[in-house]
Amino acid sequence: MEHVVPPSLLFDFQLAIPRCESPQGSKAKRLLNPGDGSQLFLPAVLNEQKMFADVRAGWNDEGIAVSVRVHGKPDVPDGASKDMRHADAVLLWLDTRPAANVHRATEYCHHFGFLPADNENDGAPSACVLPIAQQRLQRIDSDVRRFQLKTHITSDGYELEIWIPGSQLHGFREIAQIGRIGFSCIVQDSHLGQQHMFLDENFPVTFDPSLWLPIQLLNDPK
């Protein structure tokens, strides 16, 4: 049955992510340790959307950690950054000044694309900055070379670990006092399709920050 109003729009979600450690270093088996309570509830599950990825996130004064675990994938991740639309990828939107009544991206809004395996990068993971339609202004040119990424191939998919330094996010310096961020994520797969976090492409989720979910930044590391 097709819903006129998606069930996920009927609720006011209060999501939160814990403090976490900064990256463990390139020689460590795992890049990140988001911590207990880091798995995000994805409201799109209420819209009867097929869910094939788990999303975890954490934060500290140095940056944002995101981990995406894709399961049920029949092959290894593939794609190229020059053709993001057809690549296995994680698309992420962040707003360091979230406001429910702002419908046009501000200078505090950021959009990144992450490939678990980029054919243009010898099969290693890669990141890129993507434009946001109708964005008013962009104050910082994020340098994705400062990001840290690690891909783990699993028996039925992959896990992509992402570390975004706060220095690459405009407005992050005051984020501890603000206590929240706007967050949206789409996981796209060549076989499994797209998994939206909140609302699907029938809504302007790719450029309207009021449709990104506000996430509280917890200060208790436990």
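Listed by first and then second residue, the salt bridge (Lys or Arg N to Asp or Glu O under 4.0 Å) pairs involving residues 90-101 are Arg97-Glu174 (not counting sequence neighbours). Annotation: ring pair (Phe, Tyr, Trp, His ring centres under 6.0 Å) contacts involving residues 44-74, sequence neighbours excluded, are absent. The list of salt bridge (Lys or Arg N to Asp or Glu O under 4.0 Å) pairs with a residue in residues 61-73, not counting sequence neighbours, reads Arg19-Asp61, Arg69-Asp156, Lys73-Asp75, Lys73-Asp88, Lys73-Asp189.
Ala133 is linked by a side-chain contact (heavy atoms from CB on, under 4.5 Å) to Phe207, counting only residues two or more places apart in sequence or in another chain. In this view, Arg104 and Gln134, Arg136 satisfy the side-chain contact (heavy atoms from CB on, under 4.5 Å) rule, not counting sequence neighbours. Partners of Phe203 by ring-ring contact (aromatic ring centres under 6.0 Å, His included), not counting sequence neighbours: none found. Checked against ring-ring contact (aromatic ring centres under 6.0 Å, His included), Tyr108 has the following partners two or more places apart in sequence or in another chain: His170. Shown here are the side-chain contact (heavy atoms from CB on, under 4.5 Å) partners of Gln49, two or more places apart in sequence or in another chain: Ala44, Met51, Gln195, His196. Under the ring-ring contact (aromatic ring centres under 6.0 Å, His included) criterion, Phe112 pairs with Phe147, sequence neighbours left out. For Arg180, the side-chain contact (heavy atoms from CB on, under 4.5 Å) partners two or more places apart in sequence, or in a different chain, are Pro98, Ile178.
Within 6.0 Å of CZ in Arg30 there are more than 12 heavy atoms belonging to other residues, nucleotides or ligands.
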So Leu137 and Thr106, side-chain contact (heavy atoms from CB on, under 4.5 Å) or not? Walk me through it.
CA-CA 6 Å; Leu137 184 66; Thr106 69; over 6 Å; no

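Linking Ile, Leu, Val, Met, Phe, Trp and Tyr whenever their side-chain heavy atoms come within less than 4.5 Å puts Val66 and Val90 in one cluster. Placement of Leu213 and Val68 within a single hydrophobic cluster is found when ILVMFWY residues are connected by side-chain heavy-atom separations under 4.5 Å, directly or transitively. Following chains of ILVMFWY side-chain contacts shorter than 4.5 Å, one cannot reach Ile164 starting from Ile132, and the two form parts of different hydrophobic clusters. Linking ILVMFWY residues whenever their side-chain heavy atoms come closer than 4.5 Å, directly or via other members, places Val144 and Leu160 in the same cluster. In the hydrophobic clustering of ILVMFWY residues, with side-chain heavy atoms under 4.5 Å counting as a link, Val205 and Leu91 come out apart.
Side chains of Asp78 and Asn119: a donor-acceptor N/O pair is present below 3.5 angstrom, by distance only.
Taking a 4.5 Å side-chain heavy-atom cut-off between Ile, Leu, Val, Met, Phe, Trp and Tyr, the cluster of Val102 contains only that residue.
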Distance-only donor-acceptor hits, side chain of residues 120-129, under 3.5 Å, sequence neighbours excluded:
{"from": "Glu120", "atom 1": "OE1", "to": "Ser81", "atom 2": "OG", "distance (Å)": "3.4"}
{"from": "Glu120", "atom 1": "OE2", "to": "Lys82", "atom 2": "N", "distance (Å)": "3.3"}
{"from": "Asn121", "atom 1": "ND2", "to": "Pro125", "atom 2": "O", "distance (Å)": "3.1"}
{"from": "Ser126", "atom 1": "OG", "to": "Asp118", "atom 2": "OD2", "distance (Å)": "2.7"}

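In terms of heavy-atom proximity, Leu130 sits nearest to Met84 at CD1-CE, 4.4 Å.
At least one donor-acceptor pair under 3.5 Å links the side chain of Gln188 to the backbone N or O of Ala87.
Paired with Ile175 under the rule side-chain contact (heavy atoms from CB on, under 4.5 Å), one option of Ile181, Ile64, Leu169 passes, and it is Ile181.
Below 30°, between 30° and 60°, or above 60°: for Phe198 and Phe13 the angle between ring planes is above 60°, a perpendicular geometry.
In this structure, the separation between OG on Ser167 and CD1 on Ile140 is 6.5 Å, given to the nearest 0.5 Å.
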